[in-house]
Amino acid sequence: MKNQLRLGITLLVTLLIVVCCEPPKKKIEYPKTDLSQNSLIPKPLKVIPTNSAFGLDSKTAIYTNQVFDGFEEVGNYLAEKLKSRLNLDIPVNELDGESIERLIFINQSDSLEMTSDEAYELYIKNDSVLLNAKTAAGAFRGIQTLRQLIPEQSNDTLAEQPMWLIPSGKIIDEPNFEYRGAMLDVARHFFTVEEVKRFIDLLAYYKYNKFHMHLTDDQGWRIEIMSWPKLTEIGGQSEVGGGEGGFYTQEEFKDLVAYAAERHIEIIPEVDMPGHTNAANLSYPIFHAGGKADKPRVRTDMLVGYSSFAARKDTVYAFLDDVVREISAISPSQYFHIGGDESHVTSKADYIHFVEKVEKIVRKHGKRAVGWNEIAQANLDSSTVGQFWNEPESALETVKKGGQIIMSPATKAYLDMQYDSLSEHGLHWAAYIEVDEGYNWDPETFVEGLPKENILGIEAPLWSETISNSTEMDYLAFPRAIGYAELGWTNSEDRDWEEYKERLADQQPFLDRNDVNYYPSQKVPWKKKKEIYKKISKD
Ligand code: TNX
């Protein structure tokens with residue numbers, strides 16, 4: 001008993017010594033925050049503030065699931081962004097550092113309430129950020145939300161080291177549509193691999209998941225086809241305005257596909273046919289339709305509708321089988337876009353024959369065909385997707401056959417339309433699309449009678465007749481592409497221009513940091529005049 005007492009006292013004393021002699025940990029007094037006031041785009045499904053903060057700082061570590069594919073890569077991606085933007089060296093999956101006090105845990109979980117593969121939950125507390133996602137894609141979307149929550153300024157008084165205070169609370173989120181895309185026309189003007197990657201990076205920040213590349217048109221053929229080398233040797237050497245054009249080798253295309261995949265963005269290749277094929281026909285005149293179609297020659301103008309493949313020649317389909325096979329082999333996407341628009345010099349019977357033949361070739365190579373809305377004239381498999389741009393009846397026809405629709409109405413979603421009559425670059429044959437016009441429509445109701453379950457999603461196409469570099473691309477794409485991201489992700493009842501425009505204005509620091517030459521629309525209450533942010537670093 002005596003011994004026990006002595007032991008008890010010794011323990012107590014030891015404990016007291018330990019407690020009182022450990023250097024006192026300064027309790028951080030986080031200021032009051034409101035997570036619901038953050039300018040997230042796209043707006044999440046649910047945001048529940050708890051009014052405190054997580055202090056992102058040099059004592060933070062990232063830990064990820066290391067069993068499921070892709071989670072660690074998402075952690076590495078976040079660490080890279082924190083390094084380039086904040087100059088913080090945050091370890092990923094190394095927890096032995098003594099100074100680690102806070103954790104961002106990227107966790108695989110099957111028990112989310114939401115059904116989408118891209119769903120995620122974020123629980124932000126004083127000492128941890130827990131990101132739950134079923135898939136790495138969901139985790140990647142959640143990481144974008146976290147990036148957007150990092151404030152411009154660090155707080156340098158709360159601790160010895162600078163801290164970026166992320167408001168605490170809970171975010172539950174998933175996309176409304178599974179297909180949220182942008183398209184870039186690399187045929188009218190060629191864009192380099194670096195320019196395309198930069199665009200993909202910007203789209204990733206706003207949770208896009210599809211990137212459609214319009215690879216061929218009258219003015220240029222931009223993808224190497226080993227079995228038909230003249231397509232790029234001849235067809236790749238021109239563009240609108242007389243520039244030298246260019247093309248992607250298959251290796252370069254694979255590199256782009258991999259780069260996009262790291263951002264959980266799928267590249268959808270398009271070979272536009274039977275019209276828009278002057279460059280291919282110039283390379284191999286044997287496939288030219290003749291008749292009403294113009295004789296192939298180098299085209300640097302912006303006209304459309306004058307070219308066609310010969311729809312009744314068997315050799316055309318043998319050639320296209322090679323093209324579809326080679327591209328499919330380097331393109332993991334389930335989709336292959338066959339174009340099909342504006343074939344004004346192909347007879348209706350020839351057009352239908354052609355589209356049905358090519359759709360079968362695409363399916364033979366294991367892909368789902370996508371085509372511009374005109375393809376509805378043909379008898380198509382229900383797996384084939386129509387891309388609505390100008391004919392509501394065609395979209396309805398596709399749906400009647402059981403097909404799905406991607407919404408890209410030219411009057412609302414075309415990134416190449418001018419903002420107004422004074423804005424630079426762009427065309428206006430469909431409409432002038434100011435930033436509010438581009439936001440104020442509903443993909444679910446735009447085509448009357450189109451059931452929601454047949455709408456795969458939305459895509460904003462950027463045709464490039466009037467733009468030839470990143471600066472010009474930015475001007476047409478931003479800030480409108482940010483709005484299309486929200487139209488694809490956020491439910492329509494949660495969207496409101498008056499509220500959105502404030503959140504859009506808050507994107508300015510991000511856009512400026514990344515040197516995005518956005519159009520400074522008067523409709524948006526920008527906080528600062530353009531140019532005012534100093535370029536610090538990219539994120
Ligand atoms: C129509 S939209 C086209 C393109 C042009 C675009 C210019 C569509 C399927 N075809 O060939 O580049 O207008 O806005």
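Computed from a predicted structure; not experimentally measured. As the structure lists them, so they are numbered: ligands from 1, and atoms in each ligand from 1. When a residue number appears, it is its place in the shown sequence, counting from 1.
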Could you list each N/O atom of ligand 1 together with any protein N/O atom closer than 3.5 Å, one pair per line with the distance?
unit_1   : atom_1 : unit_2 : atom_2 : d
ligand 1 : 10 (N) : Asp341 : OD2    : 2.8
ligand 1 : 10 (N) : Glu342 : OE1    : 3.2
ligand 1 : 11 (O) : Arg188 : NH2    : 2.9
ligand 1 : 11 (O) : Glu342 : OE1    : 3.1
ligand 1 : 12 (O) : Arg188 : NH1    : 2.7
ligand 1 : 12 (O) : Glu465 : OE1    : 3.4
ligand 1 : 12 (O) : Glu465 : OE2    : 2.6
ligand 1 : 14 (O) : Asp416 : OD2    : 2.6
ligand 1 : 14 (O) : Trp429 : NE1    : 2.7

Task: Ser468 side chain to His189 backbone, donor-acceptor under 3.5 Å - done: no
Task: Backbone N/O of Ile433 and side chain of Arg480: donor-acceptor pair under 3.5 Å - done: yes
- [ ] With sequence neighbours excluded, give me every ring-ring contact (aromatic ring centres under 6.0 Å, His included) pair touching residues 275-305.
- [x] Trp228-Tyr284, Trp228-Phe287, Phe287-Phe319
- [ ] Report yes or no: is the cationic atom of Lys412 (NZ for Lys, CZ for Arg) closer than 6.0 Å to the six-membered ring centre of Tyr484, at no more than 45° off its axis?
- [x] no
Open item on the list: For the CG atom of Asp185 and the OG atom of Ser464, what is their distance to the nearest 0.5 Å?
Closed with: 3.5 Å
TODO: Assign the ring pair His212 / His337 to parallel, tilted or perpendicular, where the plane angle (0 to 90°) is split at 30° and 60°.
DONE: parallel
